[in-house]
Amino acid sequence: IVLLFFTENLSFCNDSIEQTLVKVYANNNYFGLQTEKGENITEAEYTKLILLGEKGLWLAQKKNRYGIILIIIKLTR
């Protein structure tokens, strides 16, 4: 589950992410998040992405606005 929090926009991505590793990728000087298998979690539309701690909480900047991206990872056995 990916939750994107911005002041005027709250969007949900209900697709479960079964990988345990999330990484940042770049496209045309914008950044996004993807799984270790290369599946996009978010589009590359952020000018900054900063990982806060180790629990899947990201600080994101899109244009001149900041927001929080919370990634809840479904662990599979």
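The model shown is predicted, which means the values in this text are computed figures rather than measured ones. Along the sequence shown, residues are numbered consecutively beginning with 1.
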Peer 1: Applying side-chain hydrogen bond (donor to acceptor under 3.5 Å, both in side chains), can you list everything that pairs with Y30, at least two apart in sequence or on another chain?
Peer 2: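 Checked Y30 against side-chain hydrogen bond (donor to acceptor under 3.5 Å, both in side chains); zero matches.
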
Peer 1: Report the C-alpha distance between V22 and T35 in whole Å, list the side-chain angles of each, state the deciding distance to 0.1 Å, and finish with yes or no for side-chain contact (heavy atoms from CB on, under 4.5 Å).
Peer 2: CA-CA 5 Å; V22 175; T35 66; 5.6 Å; no

Peer 1: Under the rule for side-chain contact (heavy atoms from CB on, under 4.5 Å), what residues qualify as partners of K23, not counting sequence neighbours?
Peer 2: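 Per chain and number, K23 pairs via side-chain contact (heavy atoms from CB on, under 4.5 Å) with Q34.
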
Peer 1: To the nearest 0.5 Å, what is the distance between NZ (K63) and CD (E45)?
Peer 2: 9.5 Å

Peer 1: Quick check: closest heavy atoms across A44 and Y25, and the distance to 0.1 Å?
Peer 2: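 Closest approach of A44 to Y25: N-OH, 3.1 Å.
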
Peer 1: Please identify which of these residues, L49, T42, T47, meets the side-chain contact (heavy atoms from CB on, under 4.5 Å) condition with F31.
Peer 2: L49

Peer 1: Which residues satisfy the side-chain contact (heavy atoms from CB on, under 4.5 Å) test with I50, sequence neighbours excluded?
Peer 2: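 For I50, the residues satisfying side-chain contact (heavy atoms from CB on, under 4.5 Å) (neighbours in sequence not counted) are L52, L59.
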
Peer 1: Mind checking what makes side-chain contact (heavy atoms from CB on, under 4.5 Å) contact with L51, not counting sequence neighbours?
Peer 2: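 Listed in chain order: W58.
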
